[in-house]
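Notes follow the structure.
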Amino acid sequence: MKWSNAFIPTRKEVPREAQSPSHRFLLRAGMIKPLSSGIYTYLPLGWKVLMKIQNIIRREMDRIGAQELLMPALTPASIWEETGRWEEYGDEMFRLTDRRNSDMALAPTHEEVITAILRDEIKSYRDLPQVWYQIQVKYRDEKRPRGAVLRARTFIMKDSYSFDRDREGLEISFLKHAEAYTRIFSSCGLKTTVVEALSGLMGGSKSKEFMVASDSGEDRIVECLHCGYASNIEVADPLPSKVAFKGGDLKKVHTPVSGSVKEIAKFFNVKPSQLMKSILYIREKEPIWIVIRGDYDIDEEKLQGIFTDIRIASEEEVCELVGAQAGYVSPMGSKYLVYSDFSIRGIVGLISGANEDYYHFMGIAPERDIKIKDYLDIREYREGDLCPQCSTPLEWKNVIELGHIYKLGTKYSKAMGAFYLDEDGKEKPIVMGSYGIGVERIMASAIEQFHDEKGIIWPLQIAPYHIIIINLNPTNPEGVALSEDLYKLLNREYEILYDDRDLRSGYKFNDADLIGIPLQIIIGNRGLKRGIIEIKIRGTEERMEVPPEKIKEEIDRLWKSMQKIRLEKY
RNA sequence: CGGGGCGUAGCGCAGCCUGGUUAGCGCGCCUGGUUCGGGACCAGGAGGUCGGUGGUUCAAAUCCACUCGCCCCGACCA
């Protein structure tokens with residue numbers, strides 16, 4: 001493609017709201033154009049990348065025997081009513097009515113549609129297993145679209161669905177997908193981590209997510225570098241960090257400072273973890289104590305989940321019920337029920353309020369000194385927490401969710417009547433799995449992982465073009481002839497963008513760096529005088545000078561070695 | 001849904017607080033010329049319902065009310 005004929009509207013500036021690298025560069029490189037909140041057009045350069053990603057997906061899905069089809073995006077309410085998701089999906093579903101006033105929805109996902117096909121067509125165990133997939137635009141009225149294509153209201157999803165006779169079959173389909181996904185993401189040049197995840201609205205049992213590390217990611221995961229445990233923080237169950245203090249007798253100490261954890265720890269010259277935070281809550285009008293280690297905070301959501309009707313006691317209530325200000329109280333000698341977070345279990349030598357203003361106890365051994373009704377997991381997880389499998393400190397990462405695979409089981413087949421007859425003549429529900437990939441998220445993640453201050457550095461496999469030929473002097477006949485020849489020669493084997501525009505060199509260099517084509521061939525008067533052409537590798541910024549007749553050879557060599565480096569990397 | 005911010009030329013922004021001629025600047029665009037290896041320079045030019053509606057006023061981009069849209073943070077969701 002000659003750039004002079006191409007539509008690649010690059011920009012020097014973008015709105016200051018565009019924060020993340022992928023958001024900024026997608027706009028600046030002329031790859032996407034916003035139409036409305038969370039709704040984007042993919043311009044030619046962006047679409048080329050997305051097509052390449054889709055083709056990698058197709059190749060790997062086909063490899064596991066999946067069959068591509070295409071379902072409608074516009075769907076009748078009736079199928080959603082069958083599974084109850086017409087209600088469940090709430091405001092996130094785009095809804096409309098047709099001219100006969102029938103309720104319709106733009107599909108946010110396709111379990112219902114595919115199950116409607118399944119129940120009519122698959123009647124025998126002989127027809128199973130099956131895997132069907134599509135690459136299609138999904139519609140979700142997100143509360144808050146963000147990061148350009150990272151969370152959009154219309155987006156391209158590869159969704160596949162597996163149908164099996166039983167759980168064992170599902171297990172195989174699930175594993176096949178997991179393998180295909182790993183290959184897809186690594187083929188796109190991305191390193192992913194597979195984590196345990198929440199299945200939420202999809203239903204079904206365990207699900208796994210494929211995550212790529214990025215500061216712009218909306219999810220957080222924890223990962224154990226020792227045993228390989230990895231989980232979305234939403235379903236993780238890390239252990240509190242370990243502490244040990246010297247035990248001893250209970251001692252009341254005058255503490256003439258404010259009762260905050262920070263101040264008290266400073267006063268005793270100990271770490272916050274040696275304190276026991278004692279907080280009075282009102283549960284169904286009854287006061288109860290919640291205790292937690294001083295370096296942790298209580299996760300109010302977890303608390304709500306356990307006790308339902310619970311709120312923190314006001315300052316006045318604490319004074320009235322305990323007889324001291326909030327910073328100087330504890331369950332020591334108190335008649336109210338005490339619940340403790342696991343972070344307190346088994347430790348001694350703690351400090352907490354003495355239930356008298358400006359006094360604290362030290363040397364508290366909760367199991368000796370307090371009647372604890374129950375231990376609960378109510379702490380807010382934090383960095384430093386330990387692996388639940390091997391007690392190694394966990395790594396915390398921000399990530400982008402690229403793929404999510406679910407074992408649906410029989411939720412949809414039972415609700416919508418998708419049954420088959422088994423060998424024994426018995427009617428059984430088809431066991432389903434559902435598997436999604438966010439296509440644009442792969443593109444955005446690649447930019448997040450591979451860019452510098454100048455622009456994008458595309459992984460070879462999804463780069464919109466392989467090589468950009470930059471002719472710096474479109475007015476010099478010698479340079480033009482050479483550029484045209486090279487373009488024709490290389491275009492047979494490579495995808496070439498030929499920058500033949502009559503612009504200043506700086507402009508063209510910056511554009512080339514911005515759009516991130518892996519190899520740059522630079523033809524200019526300076527080189528021509530010396531009989532050489534320059535090749536620059538985008539990313540490493542490595543440059544080499546090659547005589548024109550050796551260019552093809554050198555490009556072939558470079559391309560092969562760059563492919564190899566990519567393979568070795570992941 | 002809560003909090004914050006923004007809407008002025010294709011893009012990025014100033015002007016608004018303290019109302020007052022033809023509403024500015026940079027980039028981009030068009031014409032001519034000089035330049036030509038990291039986003040040039042000179043000269044000329046085109047391009048604006050100041051998001052919308054209503055109000056206050058002799059006078060509104062500027063003040064007030066309502067409204068629409070967009071962005072960021074959080075909550076929510078996956």
Side-chain angles (χ1 to χ4, degrees), chain A residues 9-20 23-24 27-28 30 33-40 85 88-93 108-109 111 138-148 150-153 155 157 159 195 197-204 207-211 216-220 232-235 299-301 304 399-406 434-438 441 453-455 470-476 479 499 501-515 520-530 532-534 536 538 541 543 545:
Chain A
T10 58
R11 288 187 197 304
K12 205 152 79 170
E13 298 168 302
V14 290
R16 58 168 154 248
E17 306 91 66
Q19 303 270 331
S20 62
H23 191 172
R24 297 181 59 80
L27 289 170
R28 283 196 54 206
K33 184 162 180 69
L35 177 64
S36 181
S37 178
I39 304 178
Y40 291 86
R85 289 212 290 184
E88 265 180 62
Y89 240 104
D91 291 338
E92 202 136 313
M93 194 183 246
T109 177
E111 281 76 18
K138 294 282 187 276
Y139 299 85
R140 291 185 189 174
D141 195 357
E142 295 285 348
K143 280 181 189 138
R144 183 153 111 68
R146 73 176 96 189
L150 281 181
R151 178 163 298 265
R153 295 197 295 172
F155 60 98
M157 181 187 257
D159 46 323
V195 301
L198 198 67
S199 35
L201 254 185
M202 283 297 185
S207 73
K208 285 186 187 285
E209 287 170 323
F210 290 74
M211 305 298 215
S216 307
E218 299 178 274
D219 290 89
R220 297 206 87 193
N232 193 314
I233 194 63
E234 291 170 334
V235 292
D299 187 327
E300 296 290 335
E301 258 178 66
Q304 287 294 338
V399 293
I400 296 167
E401 175 192 348
L402 296 182
H404 201 153
I405 59 181
Y406 305 84
S434 164
Y435 315 86
I437 289 180
R441 283 184 178 182
E453 66 288 348
K454 288 282 205 175
I470 307 169
N471 180 198
L472 292 177
N473 311 98
T475 50
N476 175 346
D499 190 353
R501 297 173 300 170
D502 188 9
L503 292 170
R504 297 181 65 79
S505 52
Y507 202 105
K508 299 174 81 161
F509 285 136
N510 283 320
D511 262 358
D513 288 346
L514 174 61
I515 66 172
Q520 299 179 3
I521 297 177
I522 301 157
I523 297 165
N525 290 343
R526 211 160 72 182
L528 288 175
K529 275 182 205 146
R530 293 164 45 221
I532 57 103
I533 288 172
E534 202 173 327
K536 188 182 103 170
R538 177 72 181 110
E541 306 301 287
R543 290 161 190 274
E545 297 183 341

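- If you take CD of Glu142(A) and P of C1(B), they are 15 Å apart, rounded to a whole angstrom.
- If you check U57(B) for Watson-Crick or wobble pairing at under 3.5 angstrom, you find it has no partner at all.
- If you check every strand for non-hydrogen atoms under 4.0 Å, Glu209(A) touches nothing.
- Rounded to a whole Å, the CZ atom of Phe210(A) is 16 Å from the C1' atom of A78(B).
- Base pairing of G37(B) is not made with any nucleotide, judged by Watson-Crick or G-U wobble geometry with both donor-acceptor distances under 3.5 Å.
- Which of A78(B), G12(B), G37(B) sits closest to the side chain of Arg151(A) comes down to A78(B).
- Annotation: side-chain hydrogen bond (donor to acceptor under 3.5 Å, both in side chains) contacts of Asp299(A) (sequence neighbours excluded): none.
- As rounded to whole Å, 15 Å separates atom C1' of A78(B) from atom CD1 of Ile437(A).
- Atoms CG (Asn471(A)) and P (C36(B)) sit 16 Å apart, rounded to a whole Å.
- We find that CG of Leu198(A) is positioned 8 Å from C1' of A78(B), with the value rounded to whole Å.
- The pair Glu545(A)-Arg530(A) meets the salt-bridge criterion, since a charged nitrogen lies less than 4.0 angstrom from a carboxylate oxygen.
- Side-chain N or O atoms of Arg153(A) include one that pairs as donor or acceptor with a backbone N or O of Ser37(A) at under 3.5 Å.
- Scored by the side-chain hydrogen bond (donor to acceptor under 3.5 Å, both in side chains) test, Arg538(A) finds Asp452(A), Glu541(A) as partners (sequence neighbours excluded).
- Taking atom OH on Tyr406(A) and atom P on A78(B), their separation rounds to 8 Å, with Å as the unit.
- With rounding to whole Å, Asn525(A) atom CG is found 16 Å from G38(B) atom C1'.
- Judged by Watson-Crick or G-U wobble contacts below 3.5 Å, the nucleotide C17(B) has no partner.
- When the P atom is used for both C27(B) and C41(B), the distance is 7 Å, rounded to whole Å.
- Between the C1' atoms of A9(B) and G24(B), the separation comes to 11 Å (whole Å).
- Comment: Arg220(A) does not engage Glu234(A) in a salt bridge, judged by the lack of any side-chain N to carboxylate O separation of less than 4.0 angstrom.
- Across all strands shown, C70(B) forms a Watson-Crick or G-U wobble pair with G5(B), both key distances being under 3.5 Å.
- Every residue meeting the ring-ring contact (aromatic ring centres under 6.0 Å, His included) condition with Tyr435(A), not counting sequence neighbours, appears here in chain and number order: His177(A).
- Residues passing the side-chain hydrogen bond (donor to acceptor under 3.5 Å, both in side chains) test with Arg501(A) are Asp499(A), Asp511(A), sequence neighbours excluded.
- Distance check on atom P: U67(B) versus G28(B) gives 41 Å, rounded to whole Å.
- Asn473(A) comes within 4.0 angstrom of sugar-phosphate atoms only, judged by non-hydrogen atoms across all strands, and of no base.
- As rounded to whole Å, 14 Å separates atom C1' of A78(B) from atom CG of Asp159(A).
- Nucleotides C58(B) and C25(B), compared at atom P, are 33 Å apart to the nearest Å.
- The separation of U31(B) from G47(B), taken at their C1' atoms, amounts to 15 Å, rounded to a whole angstrom.
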Could you list all N or O pairs between the protein and nucleotides 71-76 of chain B that sit under 3.5 Å apart?
| from | atom 1 | to | atom 2 | distance (Å) |
| --- | --- | --- | --- | --- |
| C71(B) | OP2 | Ser37(A) | OG | 2.7 |
| C73(B) | OP2 | Arg144(A) | NH1 | 3.3 |
| C73(B) | OP2 | Arg144(A) | NH2 | 2.5 |
| C76(B) | OP1 | Glu301(A) | OE1 | 3.3 |
| C76(B) | OP1 | Glu301(A) | OE2 | 2.5 |
| C76(B) | O2' | Lys143(A) | NZ | 2.8 |
| C76(B) | O2 | Lys143(A) | NZ | 3.4 |

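- Here, G7(B) and C13(B) have their C1' atoms 12 Å apart, quoted to the whole Å.
- Residue Lys536(A) is classed as a base contact, given a heavy-atom separation below 4.0 Å to a base.
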**OP:** Evaluate side chain to side chain contact (heavy atoms under 4.5 Å, CB included) for Thr109(A) paired with Arg140(A), printing each intermediate quantity in order.
**Re:** CA-CA 9 Å; Thr109(A) 177; Arg140(A) 291 185 189 174; 4.0 Å; yes
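- Taking atom P on both A65(B) and G5(B), the two are 15 Å apart, rounded to the nearest angstrom.
- Residue contacts shown for Lys454(A) include a base, since a base heavy atom lies under 4.0 Å away.
- A46(B) is unpaired under the criterion used here, namely a Watson-Crick or G-U wobble arrangement in which both key atom distances are under 3.5 Å.
- Base pairing annotation: C11(B) forms a Watson-Crick or G-U wobble pair with G26(B), both donor-acceptor distances under 3.5 Å.
- Of the two residues contacting RNA chain B, namely Gly527(A) and Lys33(A), the nearest-nucleotide position lying further toward the 5' end is that of Lys33(A).
- Residue contacts for Gly436(A): at a heavy-atom cut-off of 4.0 Å it reaches no nucleic acid atom on any strand shown.
- Look at Arg504(A) and you'll find a side-chain N or O under 4.0 angstrom from OP1 or OP2 of A40(B).
- A gap of 14 Å separates the P atoms of U8(B) and C70(B), to the nearest Å.
- Position along RNA chain B of the nearest nucleotide to Arg153(A) versus Arg28(A) favours Arg28(A) as the more 5'-ward residue.
- Looking only at side-chain heavy atoms (C-beta outward), Arg28(A) and Leu514(A) come within less than 4.5 Å of each other.
- In this structure, the side-chain hydrogen bond (donor to acceptor under 3.5 Å, both in side chains) partners of Asn510(A), at least two apart in sequence or on a different chain, are Lys454(A).
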